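Quick notes on the structure that follows.
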Amino acid sequence: MRLPFLNSNHFRTAVIALIIANIIWGAAPPIFKWALQDIGPFTLAFLRFFLAAILILPFAYKRLSIEKEDIAEVFLMGFLGVTLNIAFFFLGLKYAPSINASIIGSAGPIFLILFAFLFLREKPKKRVITGSLIGLLGVLAIMFRPLLSNEPNLDLLGNAFFFIAMLGGLGHTILGRQLLKKYEPLGLTFWSFFIGTLCFLPFFINENLNHAFLSNITIPVIVGVSFGAVLCSTLAYFLFFWALKYMPASETGIFVYLDPIVTVVIA
């Protein structure tokens, strides 16, 4: 059941925002897989969110106040949505085709519907549940297809990493929906990036102890970092948070079905 304030121009604008965000995220797997040929996964993750945090700070600095009782929840939101989600996403790209990331991410809606019902008390429509279940069957077929192969491969490991990344993103959505009742999208977007940057810092340092990333700046690295910081993080995350404020969490997940289409075109 849609809340009264959702029957407005805000809801329609939220739909457009989610379409744009998911088109950007759909393009991400092949672009990042290309960049990871020349840069470590944690270096790419750190640079992406460090630069994104700097980019968004001038717009968010007046909205950064967080009440003491919400600090742990904000940290967990950032950890799940950035650190856990992105770390396993990048690790998955090392072992499995980039298209698998978007396809496995398409399982998100059915889990999001379940979590939104349990934690947010949202009641999804039957057609949303039916469509999500059909999508889940296709995702499971892709995830476990490597088991049917006679030749050893690491696709199954990569698929497992993509699945963990997807679960982290769902936790980020559920916590973000709760926090948006009190805080502005820009502020929560910045804190997500800042927390992710801090968590990635030790891994970034470890990856660059012997060979600093500056010694291997290539076109794929520049494209990957720039795309990740400007579009995939700053723009897409803000659009997602803004839309989440005006749309039930269970309905935001439907838009991930755009991702595989965009991923196939880019890949």
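Please read all numbers here as calculations on a predicted model, not as lab measurements. These numbers come from the heavy atoms of this one structure, side chains and all, not from hydrogens, waters or symmetry mates.
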Polar side-chain atom of Ser233 near backbone of Gly228 as donor-acceptor pair, under 3.5 Å: yes
Donor-acceptor contact below 3.5 Å, side chain Lys33 vs main chain Ser98: no
Flag, side chain of Thr263 to backbone of Ile99, donor-acceptor distance under 3.5 Å: no
Close side-chain approach of Trp242 to His10, heavy-atom, < 4.5 Å: yes
Separation of His172 NE2 from Thr83 OG1 (nearest 0.5 Å): 10.0 Å
Main-chain N/O of Phe75 paired to Trp191 side chain as donor or acceptor, under 3.5 Å: no
Any side-chain heavy-atom pair of Met166 and Asn85 under 4.5 Å: no
Salt-bridge contact Glu184-Lys62 (side-chain N to carboxylate O under 4.0 Å): no
Result of checking Val74, Leu244, Ile66, Ile174 against Leu179 for side-chain contact (heavy atoms from CB on, under 4.5 Å): Val74
Donor-acceptor under 3.5 Å (Ser226 side chain, Ile222 main chain): yes
Value rounded to 0.5 Å, distance of CG in Asn100 from CG in Leu93: 10.0 Å
Closest contact, heavy atoms only, Ala35 versus Val221: O-CG2, 4.2 Å
Where Asp38 and Pro220 come nearest, the two heavy atoms and their spacing: OD2-CG, 3.6 Å
Other residues, nucleotides, ligands: >12 heavy atoms within 6.0 Å of Lys182 NZ: yes
Any donor-acceptor pair under 3.5 Å from Arg177 side chain to Met247 backbone: yes
Pairwise distance CD1(Ile195) to CZ(Phe200) - rounded to 0.5 angstrom: 12.0 Å
Shortest non-hydrogen contact between Phe89 and Ala101, atoms and distance: CE1-CB, 3.7 Å
Atom of Ala243, atom of Ala14 and distance for their closest heavy-atom approach: CB-O, 3.6 Å
ring-ring contact (aromatic ring centres under 6.0 Å, His included) partner of Phe193, the single match among Phe46, Phe241, Tyr237: Tyr237
Shortest non-hydrogen separation from Cys199 to Phe79 and the atoms involved: SG-CD1, 4.1 Å
Student check: side-chain heavy atoms of Phe161 and Tyr95 closer than 4.5 Å: yes
Flag if over 12 foreign heavy atoms under 6.0 Å of CZ, Phe227: yes
Minimum heavy-atom distance between Val230 and Thr234, given as atom pair plus value: O-CB, 3.3 Å
Within the 6.0 Å centroid threshold, strictly below: Phe32 and Phe90: yes
Side chain to side chain contact (heavy atoms under 4.5 Å, CB included) evaluation trace for Phe190 with Arg63: CA-CA 9 Å; Phe190 171 82; Arg63 302 172 176 86; over 6 Å; no
Student check: side-chain heavy atoms of Leu167 and Leu84 closer than 4.5 Å: no
Atom pair CZ/CG of Phe49 and Leu44 - distance to nearest 0.5 Å: 9.0 Å
Spatial distance of atom OG1 (Thr173) from atom CG (Leu180) [nearest 0.5 Å]: 10.5 Å
Verdict with supporting geometry, Trp34 and Ile219, side chain to side chain contact (heavy atoms under 4.5 Å, CB included): CA-CA 10 Å; Trp34 185 45; Ile219 294 298; 4.0 Å; yes
Sequence neighbours excluded and cut-off under 3.5 Å, please list the side-chain donor-acceptor pairs for residues 18-25, or say none.
residue, atom, partner, partner atom, Å
Asn22, ND2, Leu18, O, 2.8
Trp25, NE1, Cys232, O, 3.1

Reported CG-to-OG1 distance for the pair Leu57 and Thr189, which is rounded to 0.5 angstrom: 12.5 Å
